[in-house]
Structure formats: structure tokens, C-alpha cells
Amino acid sequence: MVDGFARFKDRSVVAMRVNGEVTDLATSITDDDVVEPVTIESPAGLSILRHSAAHVIAQAVQRVNPEAKLGIGPPITDGFYYDFDVVTPFTPEDLAAITKEAGRIVQAGQRFIRRVVTEEQARAELVSEPYKLELIGLKGAAATGDDNENVEVGGGELTIYDNVNPATGEVVWKDLCRGPHLPNTRMIGHGWALTRSAAAYWRGSEKNPQLQRIYGTAWPSKDQLREYQLQQEEAAKRDHRRLGAELDLFSFPEEIGSGLPVFHPRGGVIKREMEDYVRRRHIEEGFEYVSTPHVSKATLFETSGHLPYYADTMFPPMRLENSEYYLKAMNCPMQNLIFSSRGRSYRELPLRFFEFGTVYRYEKSGVVQGLTRVRGLTQDDSHSYVTEEQAPGEVEHLLNFVLSLLRDFGLEDFYLELSTRGSSDKFIGTDREWDDATTVLRRVAEASGLELVPDPGGAAFYGPKISVQARDAIGRTWQMSTIQYDFNQPARFGLEYTAADGSRQQPVMIHSAKFGSLERFFGVLIEHYAGAFPLWLSPVQVVGIPVAQEYEPYLHDIIDRLRRSGVRAELDTSDDRMQKKIRTHTKQKVPLLLIAGENDRAAGTVSFRYRDGSQENGVALANAARRIQAAIAGRLQVVSRGDLPA
RNA sequence: GCCGGCUUGGCGCAAUUGGUAGCGCACCGCUCUUGUAAAGCGGGGGUUGCGGGUUCGAGUCCCGCAGUCGGCUCCA
């Protein structure tokens with residue numbers, strides 16, 4: 001009998017897979033076992049590292065505050081957390097003290113020792129840990145806990161991990177835990193840090209008490225930690241809320257209300273370019289542009305079925321003239337009324353309506369965030385009315401359209417999510433309808449060749465959906481477009497068309513939002529481009545900078561010519577010096593600076609300065625204008641010399 | 001909605017144990033300004049988010065509200 005320490009001499013091996021199961025290196029193995037190493041750099045190894053770091057933090061917390069009761073402490077993406085029941089929430093000073101204490105524990109090189117216990121033993125040892133006792137109780141009951149809880153009590157048996165002082169053999173701390181763990185705490189090294197603290201509901205339910213959660217990050221090396229921290233800083237620099245203020249794009253006036261943005265002229269330019277382009281593409285794809293009001297009588301949303309489910313996320317109703325009116329939280333009921341405004345023939349199908357519909361949703365005060373979670377938003381919302389036979393083709397058409405549109409805005413990397421019916425009773429319709437609709441969506445999603453992630457229970461109440469998730473320039477994913485298959489609303493609204501045989505048939509309705517919300521997509525684009533938009537979206541595309549005042553008239557001519565051809569071009573006639581003007585407009589991320597002095601005037605040329613500081617001197621005027629216009633029309637990103645085709 | 005942090009001129013920040021608000025950028029004015037990221041001088045601008053309280057005295061302490069940030073819950 002040997003163990004993993006004997007089998008693997010490589011110190012980057014922190015655990016092993018025995019017959020497929022990840023275990024501690026201390027586990028005994030036989031020649032019959034299939035044993036593979038788990039290195040600290042592997043996904044499983046990183047999880048073990050992070051989970052072990054969580055244990056160290058918990059131990060440190062209880063050293064600093066022996067009254068703290070333990071919740072759970074699982075690994076998460078890039079790090080870990082641990083929940084504690086403490087009388088007063090953690091302060092920054094507390095976190096500093098905990099960090100210091102945890103550093104000592106890491107340095108001490110405590111060993112993690114696994115020990116199988118009976119339920120009685122576990123209850124006796126953890127008598128002062130009420131949350132752990134609750135988890136032990138749950139283990140007896142049906143396994144309903146989520147994955148994070150399984151970190152504590154998953155698997156076939158109850159185990160406790162002892163942290164042992166390697167010098168004395170004394171058990172200094174212990175925790176109910178499934179494991180596995182690093183061989184010792186020293187392997188956590190210098191690649192960890194606490195990142196923040198926040199409250200979290202016990203077992204994720206707002207009916208339960210709130211615990212105080214400490215988040216941390218942990219990496220195999222100090223360099224990887226630093227790299228992670230730099231990446232976080234980069235993300236912070238791209239934050240659309242910050243860039244929105246710096247670039248004068250939008251604001252959230254307190255006087256209007258939380259989550260209700262106003263777009264300034266520069267943000268307005270971008271929003272209008274987005275809308276114009278998206279409207280044009282929809283029309284090219286066979287959609288008809290429609291428009292619907294912002295409020296309606298309550299009965300409309302009773303008909304659609306929304307009200308019973310979503311009344312608490314709609315703004316409260318206004319009562320007037322014996323009717324209740326709601327601000328709309330969705331557009332589909334109104335578009336249905338356009339469909340049913342007259343008799344429809346099968347010859348008209350697929351019938352596709354599209355609008356920029358502004359909807360209002362009463363998001364809870366704690367969730368409103370920048371442009372990504374607002375209370376008033378504009379959906380690029382479309383509804384296709386089709387026969388059942390046409391539905392697969394229409395879904396495919398919509399998916400291809402959505403993807404091509406996102407690509408036009410510079411997003412290239414996608415995966416799909418298929419949200420299906422869950423077990424709750426909020427989902428209306430028969431099993432067969434759900435199965436049929438889900439099958440249609442799944443087939444199209446699979447045929448796309450994109451990665452497909454299941455999302456059980458994530459569907460809207462009226463039908464399943466495909467959502468498109470896009471990765472941005474720094475690898476974060478955002479939910480963008482949705483395509484929803486709806487067999488319920490056509491029935492509720494009594495929609496029908498006359499078929500070829502003269503019979504009345506019910507159409508299938510397919511909801512689709514390409515950007516989800518224009519506001520959110522705007523926010524995503526800001527972060528994706530870090531505020532340096534492609535030429536066609538840039539609020540100011542060209543700024544003319546004279547080397548000295550004398551050259552203003554010369555530059556004015558070309559700027560004026562560009563302007564007349566539709567280019568957003570300005571001439572900087574302020575009394576700043578040239579260098580200052582370059583700085584000002586570079587910080588505003590203007591893609592093209594046109595500079596001219598005596599040399600250029602004498603030669604009838606201008607000089608380009610690009611966003612990255614590179615230059616291109618002596619460009620003939622006619623050439624400059626032609627190239628700029630072509631780059632705008634081609635929706636090119638222009639950052640450096642060479643990005644603007646000759 | 002819940003927990004915690006934060007809120008000082010347009011923006012970013014400062015103000016010793018509570019002693020009566022400053023700085024940089026931006027803005028305005030004047031002078032200057034010929035080649036690729038900040039010319040010089042001067043000026044205006046804040047009842048310190050709002051309401052209440054403690055105090056001789058509150059930007060600093062207490063309470064409530066709003067906004068915002070980080071999470072949790074939620075997200076048609």
C-alpha cells in the first residue's frame with residue numbers, strides 16, 4: 001500500500017484522480033487503481049487550492065473572532081468565499097487583521113488531514129456550529145442542496161478535515177468538509193488576497209438570515225495573482241459608468257430617478273447610429289417597422305398573461321376614468337394587436353413586426369446598475385408570426401440575423417443558451433407544446449455549430465428561448481439576444497390567419513430581441529471598445545488641429561468638406577497650443593486627428609494622427625476625405641496607422 | 001427588497017481630537033502660440049446629497065430619507 005506522496009514526486013501535483021475520483025494525495029492506493037496526477041495549474045487543482053484557501057480564511061476569522069459561526073466556503077471562478085455568522089459585519093480593519101492571521105497560517109504549513117466520521121461524531125464535534133449541523137441534517141434528507149453545499153457534505157460519507165500543526169501534531173482547527181485539500185497550507189503561498197466582503201443569505205434564500213461573506217482570490221504563484229489583479233484593473237478602466245462620464249455620453253440625474261438614464265449629445269450620436277443601422281438591417285431582413293405606446297390598460301396584460309406573473313416588477317398602475325393603466329414592461333401584447341387589427345392570410349406569413357419599444361420595469365433598488373440594469377429601457381423587439389411549419393426556418397433565420405448583426409458591431413465570439421421549462425407552476429401550456437417548441441429551438445441551436453449550454457427552468461412563462469451570449473474584448477460574457485418560441489400568446493389573443501383551404505389557423509409567434517436592450521448593449525460596447533469606438537460609431541470622427549492659428553482657414557476647408565459629406569468633423573479653434581489640443585482629443589478617444597501647418601498647406605496635404613499616437617504625414621486632401629468616408633462606410637475600427645486603408 | 005461602504009464646486013480628491021471649506025483638471029478672461037499627449041497670468045464657481053437632532057459651534061457625532069458602489073435575492 002502506497003499513497004500519492006509516494007507515487008508523485010513532482011511538487012506541483014497537489015491531488016490525484018483515483019479511478020476518476022479526485023482525492024487527497026494521502027489516500028492509499030493499490031496497483032489495481034487507475035491513478036492520475038492533479039497539478040495545481042489544472043482546473044481541479046485550482047479549485048482545490050482555492051477551497052483550501054477558504055479554509056485558511058475561516059480559521060483566521062475564528063482566531064480573530066472566536067464567536068464567528070461557519071457557513072460554507074466553496075471555490076468559485078478565480079477564487080473562493082466563506083460565509084460567517086458574526087454579530088457585526090467585517091470592516092476593512094477586520095479584513096486586514098484576517099489577512100495577517102491567514103498569512104501566519106499559510107506560513108505555518110499546517111497539514112490538511114481527512115477523517116471519516118459518523119453522523120453522531122460530527123454532531124458532537126460541531127456542536128457549536130449551527131450551520132454545519134443544519135448541513136449534516138440535510139444530508140440525511142433528500143439531496144436537495146446545491147453544488148456549493150455539496151462541498152461540505154457531498155459524497156457518500158461525512159468527513160472532517162483537521163488542520164494539524166506539523167511540528168507538534170496538534171489539531172489547531174477543523175471543518176466539516178468533503179475535500180479534497182492541498183497537502184499543507186504552505187502551498188497556498190503568496191498568490192492569494194482577500195478581495196471584498198458582503199452579506200449573503202444563508203443557503204441562498206432571502207427567507208434565511210444573512211451571513212457575512214468574505215471573497216478572496218488564489219493562484220499558484222504571485223505572478224498569476226498579479227496578472228489577475230491587473231486584469232481587474234483593466235476591467236475597472238473600461239467600466240462604462242466611468243467612461244460614460246469621462247466621454248460625456250450619458251448620466252443618471254438623481255432628479256429623474258434611479259435607473260433612468262439621459263443620453264448627452266455624444267451618447268445620443270452613438271445611440272442614433274445603432275438604431276439607424278439596426279432599423280435598416282431589420283427592414284432588409286423582411287421586418288416591418290411599427291410603433292406602439294408606452295402605457296396601456298391593465299386588461300391588455302391580463303389577456304397576455306403577464307400581469308399575474310410580473311405585476312410586482314411593473315410600475316404600479318395609474319387609475320383614471322374607471323380604468324387601470326400600466327407603463328408597459330413588454331411590447332409583444334401591443335404588436336399582437338397590430339396583427340389582429342385585420343384579417344390575415346397565410347400568404348402574409350411570415351409576418352414580421354419590429355420596433356424600438358421603450359419599456360419600464362420596476363427593478364428592485366439594490367439591483368439597478370449603470371446601463372446594464374435600468375428601469376427604463378429600449379428593446380429592439382421583433383415578433384415573427386408564422387405557421388407551425390415555418391417556425392424552424394424562421395428561428396434559423398432569426399439566429400443567423402442576430403449573429404450577423406452582433407458581428408457588425410464587432411462582437412465575434414458567441415455561445416448559445418437553451419432555456420427550457422422548469423418544474424414550477426409559472427409555466428403555462430401543455431407538455432407537448434413545450435416539447436415541440438423546445439425541439440425546434442434545440443435543432444436550430446445545434447445546427448449553428450455554436451457551443452450550446454442548457455439552462456433548465458430559465459424559460460419565460462410562455463415558452464422556451466435561445467439566448468446568445470457574447471464574449472467581449474477582455475473575455476467577459478454578456479447575455480445579448482433572445483429568441484423565444486411562443487405558442488401561448490397567439491392563443492390568448494385569439495390570433496388567427498386564413499389558411500389556403502379557407503380554414504382559420506393559429507400562428508406561432510417568435511419573439512426576438514437582438515441587443516436585448518439598447519442601453520445594455522451600449523454599455524457592453526463601451527466596455528468592449530474601452531470607449532474607443534469604430535469610426536462609424538464615434539461621436540466625433542475627425543478633429544482638425546492647426547499647428548498655429550494661421551492655418552485655421554486652411555483646415556477649415558477640409559473639415560467643412562467632410563462635414564458636408566456627413567462626417568462628424570470639428571475644427572479645434574480654441575486658443576490652446578497644438579500639443580494641448582492633441583492631448584484633449586486623444587483623451588476623448590477621437591479616432592482621427594487632422595493636423596496641418598506650413599508644410600501641409602504648401603503641399604495641399606494634411607497629416608493624420610491616430611489614437612495610438614502613430615502618424616501619417618502629407619496625405620493629399622482629396623485622398624484624405626475619400627479614405628475617411630470609405631472607412632466610415634466600412635464600419636472599420638481605426639486605432640493605428642495602417643487601419644485606414646489607402 | 002436585504003447587509004455593508006460611500007456622497008465635499010462639472011470631474012477627481014483634501015480638510016489635525018467637532019472650531020466655521022482647500023487643491024488639480026475643466027470653465028471664463030487676458031497675454032502667448034509653426035509640427036504630434038498639459039504655455040503663462042488672472043478670475044468665477046460649494047448654504048459639504050436632502051431633512052431632522054446633539055453642541056456655544058457639525059463637512060466631521062446621532063437618526064431618517066435619497067442616490068451610488070460591492071455582494072445576496074431577483075432579472076419577461
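Each chain gets a letter, A, B and so on, in the order its sequence line appears, and its residues count up from 1. Everything quoted here is computed from the prediction, not taken from an experiment.
Atom CE of residue A:Met578 and atom CD1 of residue A:Ile545 lie 8.0 Å apart, to the nearest 0.5 angstrom. For the atom pair A:Glu527 CD and A:Arg238 CZ, the distance stands at 8.5 Å (nearest 0.5 Å).
Judged by distance alone, the side chain of A:Glu519 and the main-chain N or O of A:Thr378 form a donor-acceptor pair under 3.5 Å. No donor-acceptor pair under 3.5 Å is formed between the side chain of A:Trp192 and the backbone N or O of A:Arg50. Between the side chain of A:Arg373 and the main chain of A:Val368, no donor-acceptor pair closer than 3.5 Å is present.
Nucleic acid contact for A:Arg213: sugar-phosphate only, since backbone atoms but no base atoms lie under 4.0 Å from a heavy atom of the residue. Using a 4.0 Å heavy-atom cutoff across all strands shown, A:Phe252 reaches no nucleic acid atom at all. Backbone-only contact: A:Ser258 has heavy atoms under 4.0 Å from sugar-phosphate atoms and none from a base. As judged by a 4.0 angstrom heavy-atom cut-off over every strand, A:Ser607 is placed among the base-contacting residues. At a threshold of 4.0 angstrom between heavy atoms, the contacts of A:Arg609 include nucleobase atoms, whether or not backbone atoms are also involved. Note on A:Met578: only backbone sugar-phosphate atoms sit closer than 4.0 angstrom, heavy atoms only; bases stay farther off. Within 4.0 Å (heavy atoms only), A:Thr313 reaches at least one base atom of the nucleic acid. Residue-level contact check: A:Gln615 touches the bases, meaning some heavy atom is under 4.0 Å from a base atom. Within 4.0 Å of A:Ala200, counting heavy atoms only, lie sugar-phosphate atoms of the nucleic acid but no base atom. Within 4.0 Å (heavy atoms only), A:Arg241 reaches sugar-phosphate atoms of the nucleic acid but no base atom.
Base pairing annotation: B:G44 forms no Watson-Crick or G-U wobble pair, as no partner gives both donor-acceptor distances under 3.5 Å. B:C13 and B:G22 make up a base pair, with Watson-Crick or G-U wobble contacts both under 3.5 Å. Pair assignment for B:C6 gives B:G67, based on Watson-Crick or G-U wobble hydrogen-bonding distances that are each under 3.5 Å. Summarising the base pairing, B:A58 is matched to no nucleotide, lacking a Watson-Crick or G-U wobble pair whose two defining distances lie under 3.5 Å. Pair assignment for B:A39 gives B:U31, based on Watson-Crick or G-U wobble hydrogen-bonding distances that are each under 3.5 Å.
The aromatic ring centroids of A:Phe80 and A:Tyr82 lie 6.0 Å or more from each other. Between A:Tyr385 and A:Phe353, the gap from one ring centroid to the other is short of 6.0 Å. Aromatic pair A:Phe493/A:Phe339: centroids not less than 6.0 angstrom apart. Between A:Tyr310 and A:Phe461, the ring center distance clears the sub-6.0 Å criterion.
Ring geometry for A:His511 versus A:Tyr462: interplanar angle under 30°, hence parallel rather than tilted (30 to 60°). Aromatic ring pairs are classed by plane angle as parallel below 30°, tilted from 30° to 60° and perpendicular above 60°; the pair A:Phe608 and A:Tyr610 is perpendicular.
The gap from the P atom of B:U55 to that of B:A15 amounts to 28 Å, rounded to the nearest Å. Comparing the C1' positions of B:G9 and B:C23 gives an interatomic distance of 12 Å, to the nearest angstrom. Comparing B:C6 with B:G24, their P atoms are spaced 27 Å from each other, to the whole Å. Comparing the same atom, C1', in B:G18 and in B:A58 gives a spacing of 6 Å after rounding to whole Å. Taking the P atoms as reference points, B:A26 lies 10 Å from B:A39, given to the whole Å. Comparing the P positions of B:G43 and B:G59 gives an interatomic distance of 26 Å, to the nearest angstrom. For the C1' atom pair drawn from B:G49 and B:G67, the interatomic distance equals 7 Å after rounding to whole Å. If you take atom P in B:G46 and the same atom in B:C65, they sit 30 Å apart, rounded to whole Å.
Mapping A:Val606 and A:Gln212 onto RNA chain B by nearest heavy atom places A:Gln212 at the nucleotide closer to the 5' end. Each of A:Gly370 and A:Arg611 lies near RNA chain B, and the nucleotide nearest A:Arg611 is the one positioned closer to the 5' end.
The cationic group of A:Arg601 does not satisfy the cation-pi geometry with A:Tyr554, failing either the under 6.0 Å distance to the six-membered ring centre or the 45° limit from the ring axis.
Contact footprint of chain A on RNA chain B: nucleotides with an atom under 4.0 Å from a non-hydrogen protein atom, first to last in 5' to 3' order, B:G1 to B:A76.
Considering every non-hydrogen atom in both A:Phe287 and A:Ser384, the closest pair reads CE2-OG, 4.1 Å.
At a non-hydrogen distance threshold of 4.0 Å, A:Ile595, A:Gly597, A:Glu598, A:Asn599, A:Asp600 from residues 594-602 of chain A come into contact with RNA chain B. The stretch residues 543-554 of chain A touches RNA chain B through A:Val547, A:Ala548, A:Gln549, A:Glu550, A:Tyr551, each having a heavy atom under 4.0 angstrom from the strand.
In this structure, a donor-acceptor pair under 3.5 Å is present between the side chains of A:Asp85 and A:Tyr131.
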